[in-house]
Amino acid sequence: MRALSVLVALVACFLCLQPRLADTAAADAPTIDISGRNFYASAVYQPTYSTQVRVLAGEVVSRSPLEVKRYFVGVMMDETLGGGFDVSLPLLGASADFDSPQLRGGLNGATVDVTLPVDCCILPSCPTTIQVSLAWEPEASPIHDLLTINRHTESCHLDGVSQYSYAPATATGSLAMERRI
C-alpha cells in the first residue's frame, strides 16, 4: 500500500513539474567518435529527487562488414527506490528506430525533433506519445582523445586504437506528452 501511495504521489508530482521539463537539462552531448562510427546526444532531467527522465538520440554503425547504420531516439523515466538500494523502477519508456538520422548536427550543436510512441508505462495515466524537441549547445571546445585497447600485455601489441571527440553541452527544448483517447 505504501508503494502505491508513493507511486500516486510521484505521478502527481511529475504532472505538476511537467512544464519544468521544457526548461534545460544537464547533458552529455553531442558526442561523436572521429572515425564517424557513432554519434549520439543525451540529456538528463531530474524533476524530483528520486525521478530521472533520460533522453538519448543517435546513430550507431555496426562493426560488421556491411556497416549497417541504426538511427534511434528514446526516452526513459524511472524512479530510484529508497532504503539504501541502488535500484531503479522503470515508469515510462518511449523509443523508435528510424530509416534516416533524426539527430542532426555535430559537435558544434545538435537537434532532434520527433514524436515517439510510448512502449512501456506503469503510471496510472499513460501518454500514448512523447514529442521530443531538443537542441544541444556546446559549453566549451570539443575535447579530442585516443582510446587504446591493449589485450596482449606480454608482446605489447595493441588490439585497437579509436579516436573520439566529446563536447559538454546544455540541452534546451521540450518533452511533451500526449494522451489520445
Side-chain angles (χ1 to χ4, degrees), residues 21 24-45 52-78 87-123 126-153 155-178 180:
L21 293 179
T24 61
D28 299 327
T31 301
I32 188 169
D33 80 17
I34 293 173
S35 67
R37 297 195 73 80
N38 300 315
F39 172 47
Y40 67 91
S42 65
V44 179
Y45 295 90
Q52 270 194 347
V53 178
R54 294 184 310 274
V55 179
L56 181 63
E59 70 181 61
V60 176
V61 179
S62 70
R63 298 206 179 261
S64 71
L66 299 176
E67 292 197 1
V68 176
K69 288 188 179 182
R70 179 175 173 234
Y71 308 104
F72 62 91
V73 179
V75 175
M76 175 61 93
M77 179 175 142
D78 57 24
V87 177
S88 61
L89 172 67
L91 301 175
L92 176 72
S95 63
D97 286 338
F98 299 91
D99 294 332
S100 61
Q102 300 301 304
L103 181 62
R104 294 172 177 32
L107 288 173
N108 294 324
T111 61
V112 66
D113 192 7
V114 68
T115 300
L116 301 174
V118 172
D119 50 25
C120 165
C121 182
I122 65 166
L123 300 173
C126 294
T128 54
T129 61
I130 297 177
Q131 172 66 37
V132 179
S133 183
L134 295 177
W136 286 266
E137 292 297 323
E139 297 172 351
S141 298
I143 299 164
H144 304 284
D145 206 348
L146 295 174
L147 176 66
T148 59
I149 301 168
N150 184 352
R151 295 192 184 143
H152 304 287
T153 55
S155 62
C156 293
H157 289 170
L158 298 178
D159 282 343
V161 176
S162 79
Q163 299 176 332
Y164 65 93
S165 295
Y166 170 80
T170 299
T172 58
S174 64
L175 298 175
M177 298 181 198
E178 183 179 328
R180 293 188 184 149

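Everything numeric in this text was worked out from a predicted model, so none of it was measured. In what follows, every heavy atom counts, from backbone to side chain, and hydrogens, waters and symmetry copies are set aside.
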- Task: Return the minimal non-hydrogen interatomic distance between V112 and A57, and the atom names on each side.
- Result: CG2-CB, 4.2 Å
- Interatomic distance, CZ@F72 vs CG@L116, rounded to 0.5 Å, equals 12.0 Å
- Item | Between T170 and E139: side-chain donor-acceptor atoms closer than 3.5 Å | yes
- Item | Closest heavy-atom pair and its distance - D78, P90 | CB-CA, 3.9 Å
- Query: If you measure from CZ on F39 to CD on E59, what distance do you get to the nearest 0.5 Å?
  - Reply: 7.0 Å
- Task: Might you point out which heavy atoms bring A43 and L134 nearest each other, and give the distance in Å?
- Result: CB-CD1, 4.4 Å
- Query: Quick one: SG on C120 to CG on L92, what's the gap to the nearest 0.5 Å?
  - Reply: 7.0 Å
- List in chain and number order the residues that pass side chain to side chain donor-acceptor pair (under 3.5 Å) with S88, two or more places apart in sequence or in another chain; answer none if no residue qualifies. none
- S95 and D119 have their tightest heavy-atom pair at OG-OD2, 2.9 Å
- Item | Side-chain heavy atoms of W136 within contact of L103, under 4.5 Å | yes
- Message: Would you compute the distance between atom CD of E137 and atom OG1 of T172 and round it to the nearest 0.5 angstrom?
- Response: 6.5 Å
- Message: Quick check: closest heavy atoms across A94 and I130, and the distance to 0.1 Å?
- Response: CB-CD1, 3.9 Å
- Tightest non-hydrogen contact, residues Q131 and D113, listed as NE2-OD1, 2.5 Å
- Between T128 (side chain) and E178 (backbone), is there a donor-acceptor pair under 3.5 Å? yes
- What do you reckon, is CG of D99 surrounded by more than 12 foreign heavy atoms closer than 6.0 Å? no
